[in-house]
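Beneath this line is the structure, given in structure tokens, with notes to follow.
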Amino acid sequence: MTAAALLSVQGLVKRFPGVMALQGVDFDVRAGEVHCLLGQNGAGKSTLIKVLSGAHRPDEGEIRWRGEVVSFGNPTAAMRSGVAAIYQELDLVAGLSVADNVFLGHELSTVGFTRRADARRRTRALLARLGHPEIAPDRDVGRLSVAHQQVVSMARALSLDGQLLIMDEPSAVLDPDEVRVLFGVIRELTAQGVAVVYISHRLAEIREIGDRVTVLKDGRTVATGLPAREVKTSELIGLMTGRVLDNVFPQRKPVDPAAPDVLNVRGLADKKRFRDVDLTVRAGEVVGLAGLVGSGRSEILETIYGARKAAEGTVEVDGRRLRRGSVGVAVRAGMGLCPEERKSQGLLLDQAVYRNITVSSMSSFARFGFLDERAERVRSAQLTETLDVRPAGVDRVVRGLSGGNQQKVVLARWLLRECRVLLLDEPTRGVDVGARSEIYELIRALADSGVAVVVVSSDVEEVLGLADRVLVVREGRVVHDGPADEIDESRVLDLVMEGHSA
Amino acid sequence: MSEDTAAVAAPQSTPVAKESSVAALLASPAGRNTGLVVALVLLCLGGVVTAGDRFADVDNVLTILRLAAVIGVVSVGMTFVITGGGIDLSVGAIVALSSVWATTLATQGIANDTHWIVIVFTALLVGGACGLVNGMLIAYGRVVAFIATLASLAAARGLAEIISNRKTQIVNVPGFAAFFDASVLGVPVLVVIFAVVAVAGWVLLNRTTFGRRTFAVGGNPEAARLAGIDVRRHTVLLYALLGLCCGLAAAMLIARTTTGSATHGGLYELDAIAAVVIGGTLLSGGRGTIAGTVFGVLIFTTLSNVFTLNNLSISAQAVAKGAIIVVAVLLQQRLARRSGA
Amino acid sequence: MSEDTAAVAAPQSTPVAKESSVAALLASPAGRNTGLVVALVLLCLGGVVTAGDRFADVDNVLTILRLAAVIGVVSVGMTFVITGGGIDLSVGAIVALSSVWATTLATQGIANDTHWIVIVFTALLVGGACGLVNGMLIAYGRVVAFIATLASLAAARGLAEIISNRKTQIVNVPGFAAFFDASVLGVPVLVVIFAVVAVAGWVLLNRTTFGRRTFAVGGNPEAARLAGIDVRRHTVLLYALLGLCCGLAAAMLIARTTTGSATHGGLYELDAIAAVVIGGTLLSGGRGTIAGTVFGVLIFTTLSNVFTLNNLSISAQAVAKGAIIVVAVLLQQRLARRSGA
Amino acid sequence: TGNTPEPQGGGNQSGGVKVANDEPGKKVVIGFSAPAADHGWMAAITNAAKAEATKYSDVELRVVEGTNDVNLQISQVETFINDKVDAIVLLPFDGAALTPVALKAMKAGITVINVDRQFDSPFAARSTVLGDNYGMGVSAGTYVCERLKDKPGSVVAEIAGIDSLPLTQDRSKGFAEALAGCGLKVNNRVAAEFTVESGERAAANLLQAAPKIDALWNHDDDQGVGVTAAIKNSGRSEFFMVGGAGSANVMREIKADNGPHKATVIYPSTQGADGIRLARLAVQGKSLGDLVEVEVPREVQLYAPVVTKDNVDRYLPTAFES
Ligand SMILES: Nc1ncnc2c1ncn2[C@@H]1O[C@H](COP(=O)(O)OP(=O)(O)OP(=O)(O)O)[C@@H](O)[C@H]1O
Ligand SMILES: Nc1ncnc2c1ncn2[C@@H]1O[C@H](COP(=O)(O)OP(=O)(O)OP(=O)(O)O)[C@@H](O)[C@H]1O
Ligand SMILES: [Mg+2]
Ligand SMILES: [Mg+2]
């Protein structure tokens with residue numbers, strides 16, 4: 001490992017209207033190392049990445065590349081120098097094929113004409129290297145699952161052949177199996193001397209892959225160069241949040257055996273993704289759905305919610321059968337869905353936070369159709385405070401929030417509505433450790449107040465720690481249904497992967 | 001961004017002032033629309049300098065407002081549709097069809113026997129029905145709004161021609177013109193109607209669940225659907241609302257010209273969309289401002305008034321108009337950016 | 001979705017056939033545009049049934065194609081702009097201005113001394129320059145495309161009227177009309193030009209980096225920027241390209257009418273946008289198909305040919321046109337959905 | 001009432017007595033194309049042509065969609081040529097632009113009758129029926145001069161039609177030149193678009209621009225309905241108004257003498273109908289009844305008379321209902 005820094009950053013400052021996203025960041029990356037960035041939601045990690053990759057211009061500070069001061073005025077300049085980035089918000093172009101996306105901006109071409117066969121071939125090779133030979137280079141990226149889109153983003157970054165690869169929460173949408181493949185690729189790269197900046201909210205991952213750690217808090221470096229394997233978890237959490245957290249998962253109360261069934265799903269099937277799904281959730285119960293990415297869990301939730309039309313089967317809430325394929329009916333029956341893709345399915349990005357929160361419960365703030373905005377703001381402010389949305393302020397436009405904070409806004413919407421049934425698809429994706437435990441507390445508290453909760457998560461630990469009962473989904477079928485305390489992580493992983501060739 | 005979001009987002013300072021909805025009503029459009037106000041003021045200055053008293057005359061101002069009234073009503077409706085992520089090219093044709101239907105001999109016969117309000121109702125009914133058809137085609141038939149309303153444009157104008165046999169139909173119902181030609185405290189009824197529609201539109205868009213849903217549907221229809229909003233029904237309502245506005249505009253136009261004709265409302269679609277977009281409503285949906293639209297309409301009507309007062313040739317008018325539009329938009333953007341929105 | 005993406009996405013079966021670009025060229029538009037093809041075929045059947053030999057006649061088909069050629073060239077350019085997330089309302093005005101500029105006495109004088117190609121170059125130059133101005137206003141001035149091109153529409157038409165002094169300018173340059181009126185293997189030169197433009201457009205959109213970037217800029221400008229594409233420069237290029245197409249269309253129109261006039265190209269903006277959108281290009285950008293646009297143009301021109309042959313009442317034509325547009329779109333949607341795209 | 005339907009389209013009464021020319025002859029297929037009927041006069045032209053055709057059992061008329069796109073109109077004529085019609089009556093949107101295709105039709109042996117807007121080649125039409133746009137302006141100007149000749153310094157206003165059309169230029173030119181003859185000029189001029197609504201809009205602004213007016217000439221009686229409405233709204237009555245084209249409405253108003261209109265200048269909407277007649281005669285090889293000449297003449301220019309209260313009864317029957 002060379003001592004000379006490939007990239008070093010000093011006193012970096014970036015302002016947005018009303019917000020100082022970065023207010024003095026220092027750190028350096030050496031060739032061949034995996035440098036992890038840690039920090040709470042809104043700490044400035046993504047902003048830092050964007051500055052380093054030329055997507056944002058810094059207001060102050062100095063960036064040195066191989067010892068020389070540089071200013072990456074635009075992404076092309078950064079790419080030319082050998083910096084490749086995978087952004088948190090997966091900036092792919094729906095409508096273009098996988099291969100087109102991989103080579104967008106640095107197309108393989110002869111006098112302007114694209115070499116499509118070449119691009120396809122190299123894309124296939126890159127995808128195979130990332131453990132996903134099944135993604136066809138000709139598919140429309142917009143039709144891939146988020147996980148597959150993440151893989152395409154990685155293929156894109158690899159195709160740039162950079163010396164510094166920056167990854168902003170690449171594992172958030174991947175399942176454990178895929179994370180393992182990703183780590184394999186990272187090790188391969190670092191062995192060739194490529195430096196990697198890795199961002200994740202999962203401390204276990206950082207221990208596994210990281211060499212050094214830099215912690216950001218409120219746009220400032222609070223610690224840099226910590227040895228990833230040795231540093232204590234409590235120390236990291238302390239640095240990030242300023243407080244001590246010992247137990248992430250809240251205490252489970254045993255579900256009252258006399259509690260009534262609230263959600264009752266029988267024989268649910270759609271045209272091709274899943275079938276024979278039976279699911280019963282009692283009042284006060286949290287049911288977790290584990291499974292591989294692409295196993296059809298999101299589709300199951302969306303179908304229960306009426307956002308997709310079921311081909312067969314019934315959904316009952318409190319004993320009343322719901323009409324198929326109507327979200328309105330489901331919502332009126334007391335259901336709420338926290339969708340998987342917050343940007344495209346969850347948020348009104350250009351609207352204020354409070355409007356995003358109250359959108360599903362507007363009628364409770366309205367008299368004769370006229371809204372009481374004051375009440376809306378007050379209630380929203382309470383919720384955002386509980387969830388620690390940063391920066392505070394319910395009048396902020398959601399687009400300006402960091403990824404994790406956006407997720408909390410979606411969650412707040414359904415907390416506000418006081419549902420009978422809450423369906424949560426990856427509720428803590430991109431949420432930092434501190435806020436995560438708060439969200440767990442909230443889910444638990446909701447359940448204890450009699451709500452039936454269904455949680456889909458690719459994080460097996462989360463499913464086991466949070467749920468009373470665990471269902472394992474494999475290729476569109478429920479292959480296991482039992483209490484959470486009668487099963488452990490390795491058993492779940494076995495079930496999940498049975499017959500899977502990985 | 002809706003007017004009030006911007007207004008309260010800017011300074012986090014005075015929560016007391018925020019609460020007063022009257023203050024908000026006054027402060028927000030002005031804050032948001034500084035550029036438009038400046039453009040309009042400059043235009044008026046231009047008018048005063050070049051045409052002096054003839055421009056600043058009360059009668060002239062009322063003339064401008066009267067001219068703005070008809071297209072203004074349509075533009076307010078258009079603001080809803082565009083904010084909701086749609087577009088409607090058929091507004092002019094709907095105005096024509098409504099005006100013709102409301103002035104057929106049959107309608108006039110009934111109105112003569114009962115009350116002239118029959119004519120107004122007929123126009124509203126026809127307009128609303130056309131809007132409903134547009135909305136259904138778009139929401140349930142899933143025809144792209146641009147194409148669906150282009151088709152309606154052709155069909156409605158054709159129908160208007162068939163019904164009127166391409167003749168201008170003259171209105172002879174007593175009381176009808178008298179009502180619309182009257183003034184309330186010196187303000188012509190037409191202008192009063194426009195003002196009422198604009199204020200009602202502002203309230204509907206910014207203070208009701210309907211308006212909030214409109215922003216949601218236009219901003220991210222998938223998210224709105226998953227949040228439990230019936231996006232398709234709402235879309236139908238938006239087009240029906242615009243249809244009603246067209247019907248009302250037709251009634252106003254009948255009163256103003258004493259006629260119904262298949263040629264009424266020519267190119268209203270462009271005028272209305274231009275006023276809405278120059279006002280700051282996003283063509284892609286999710287952001288809309290009624291105040292901006294009203295300023296947009298006023299800018300365009302004042303412009304042609306100033307041109308006429310100056311006896312400018314039509315060609316020169318066109319060139320100047322192009323330049324002024326661009327300047328107004330640039331002004332609006334620079335000022336809006338500076339005010340931190 | 002671009003044609004080829006869809007075409008190869010559908011059946012995962014024959015990777016060999018996929019590689020043959022000729023096969024893809026033939027297969028893809030057909031697969032993607034089944035509905036349009038069906039609509040066009042139905043329309044032609046309607047023509048044959050109602051007008052028999054008069055419709056199926058070679059001369060009549062060439063008449064349809066000649067009519068389609070001018071607006072077709074504009075529509076191909078428009079496909080690029082719309083796919084790239086823009087819109088251009090000024091195309092008709094640019095055609096007018098180019099036609100006028102290219103037929104001023106001065107231009108004709110030079111052309112008489114040198115070669116008629118001067119006229120064509122002038123038209124291309126003026127068109128391209130107008131497009132460049134549009135593009136700069138939109139990309140660097142950040143004026144909304146709708147408003148910027150609306151302003152250009154007014155300004156360009158006004159300028160055309162001033163230059164021509166509102167008189168129709170007659171072309172007296174020998175060779176000019178002769179060239180365009182000629183036929184190549186029985187196909188009129190105008191039609192050949194349209195075909196060449198369409199094929200070149202298809203290749204540019206689907207087989208070059210420029211085309212890929214157009215999709216990216218229209219589909220997700222932020223992603224395009226992060227991928228290192230100069231979004232603003234690309235936007236300017238798109239409008240300039242459309243401007244060039246308008247210049248070419250102007251030259252073709254000059255040849256067809258032997259005149260340049262400020263009234264040329266009236267409402268071409270609507271016709272072109274309608275053809276593009278009915279062809280399946282998304283008005284919001286990111287997806288576009290040249291083949292669809294060509295079908296769209298042919299559907300509209302065939303429609304008016306069938307009407308001409310059938311002596312239908314003019315108002316009834318308008319109503320029928322509206323209905324047929326809606327049916328065509330519904331057909332296209334249903335069939336596209338079924339074919340799994 | 002104003003919109004009482006009267007059974008006649010423009011040309012029914014024209015021609016008066018039945019002459020030998022009306023005897024059925026060989027069958028004639030006539031194609032008819034005109035600009036978009038986006039205003040009353042243009043609609044009346046087409047209606048009159050259709051009405052005329054139905055009077056002859058030996059005429060088959062094909063009317064195509066009116067259009068302001070010269071490209072489309074050219075292709076309509078091409079379709080007629082393909083169809084081998086016997087004659088084409090063409091009111092071109094732009095005379096010069098339609099000349100090449102008219103030449104092509106003539107070369108194909110089709111009798112082309114040019115109506116209203118003239119081709120720029122004498123070989124492009126067998127015969128031309130022209131209104132007299134310049135003459136219309138002259139007539140209007142002369143009438144205004146007559147009424148204002150004792151009041152030098154009078155304010156004259158003009159509301160033109162679509163300003164980008166050559167015919168509007170001609171009308172304005174004639175008007176200005178006639179006024180110059182008596183020392184007057186056009187003090188305020190605006191242009192409308194031949195529609196009621198645009199007339200109202202233009203007039204409302206014009207009335208503000210000119211606080212005092214003595215005479216107002218409005219090019220088109222269809223837009224005149226809107227102009228009258230605007231005048232009524234403004235409550236102004238200090239001036240008299242001269243119309244244009246000669247719609248039945250305005251003539252009734254002149255007759256009743258209860259509005260601003262004191263006169264109107266006719267621009268015959270019967271041109272289309274005359275075109276049909278000439279086409280039929282030319283194809284059948286007949287001559288014009290009242291001429292000694294054995295062939296249909298090359299050009300017929302219609303007169304633009306001024307209609308006032310005194311002579312209105314003569315013109316009312318052939319006036320068009322806008
Ligand atoms: N475009 C923008 N406009 C305004 N504010 C922004 C913008 N982008 C980021 N911010 C603000 O900058 C701060 C840092 O955000 P950033 O996205 O870098 O956080 P992060 O550390 O990546 O958080 P997360 O873990 O949630 O992704 C936040 O307060 C955010 O609201
Ligand atoms: N509309 C669609 N058309 C075609 N394929 C689809 C569609 N929707 C989803 N898929 C496919 O389904 C798979 C993803 O399914 P889904 O998102 O339900 O998985 P999941 O179990 O929820 O995983 P995750 O937890 O990552 O969301 C992907 O392979 C995706 O390509
Ligand atoms: Mg982030
Ligand atoms: Mg999922």
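In the text below, chain A, chain B and the rest are named by the order of the sequence lines, each starting its count at 1.
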Original post:
Any residues in residues 297-305 of chain B near chain D, with a heavy-atom distance under 4.5 Å, and which are they?
Top reply: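 The stretch touches chain D at B:Ser304, B:Asn305.
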Subject >> Closest contact, heavy atoms only, D:Ala204 versus B:Leu67 >> reply: CB-CD2, 4.3 Å
**OP:** For D:Asn188 and B:Asn311, work out which heavy atoms get closest and say how close.
**Re:**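 Taking every non-hydrogen atom into account, CA-ND2, 3.7 Å.
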**OP:** Tell me, out of B:His264, B:Arg54, B:Arg256, who's got the most heavy-atom pairs with chain D below 4.5 Å.
**Re:**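 Among B:His264, B:Arg54, B:Arg256, the one with the most close pairs to chain D is B:Arg256.
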**OP:** With a 4.5 Å cut-off on heavy-atom pairs, point out which of B:Val70, B:Leu253, B:Asn165 contacts chain D the most.
**Re:**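 The candidate making the most pairs under 4.5 Å is B:Leu253.
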Original post:
chain D heavy atoms under 4.5 Å from B:Tyr268: which part of the residue, side chain, backbone, both or neither?
Top reply: side chain
**OP:** Could you look at B:Asp57 and say if it's the side chain, the backbone, both or neither that has a heavy atom under 4.5 Å from chain D?
**Re:**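 Only the side chain of B:Asp57 comes within 4.5 Å of chain D.
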Within 6.0 Å of [atom1] in [X], more than 12 heavy atoms from elsewhere:
X	atom1	result
B:Trp101	CH2	no
D:Lys262	NZ	yes
B:Asp53	CG	no

Original post:
Under a 4.5 Å heavy-atom cut-off, does chain B meet the side chain of D:Asn187, its backbone, both or neither?
Top reply: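 The backbone, not the side chain.
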Subject >> Heavy-atom contact with chain B under 4.5 Å, split by part of D:Val190 >> reply: side chain
Original post:
Among all residues two or more places apart in sequence or in another chain, which pass the ring-ring contact (aromatic ring centres under 6.0 Å, His included) test with D:His261?
Top reply: none
Original post:
Less than 4.5 Å apart, any side-chain heavy atom of B:Thr257 and any of D:Val225?
Top reply: no
Original post:
So do D:Asn205 and B:Leu309 actually touch side chain to side chain, heavy atoms under 4.5 Å?
Top reply: no
Original post:
Is D:Glu197 reaching over with its side chain to a backbone N or O of B:Gly265, donor-acceptor style, under 3.5 angstrom?
Top reply: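 Confirmed, D:Glu197 side chain pairs with B:Gly265 backbone.
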Subject >> Residue pairs passing the side chain to side chain donor-acceptor pair (under 3.5 Å) test where at least one lies in residues 209-219 of chain D, sequence neighbours excluded >> reply: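 Only D:Glu158-D:His219, D:Lys212-D:Asp214, D:Asn218-D:Gln223 qualify under side chain to side chain donor-acceptor pair (under 3.5 Å).
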**OP:** Not counting sequence neighbours, list each pair that qualifies as a salt bridge (charged side-chain N to carboxylate O under 4.0 Å, His left out) and has a residue in residues 159-171 of chain D.
**Re:**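 For residues 159-171 of chain D, and leaving out neighbouring residues, the salt bridge (charged side-chain N to carboxylate O under 4.0 Å, His left out) pairs sorted by first residue read C:Arg166-D:Asp163, D:Asp163-D:Arg189.
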Subject >> Winner by heavy-atom pair count (cut-off under 4.5 Å) against chain B, out of D:Lys232, D:Met42, D:Gln208 >> reply: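 Among D:Lys232, D:Met42, D:Gln208, the one with the most close pairs to chain B is D:Gln208.
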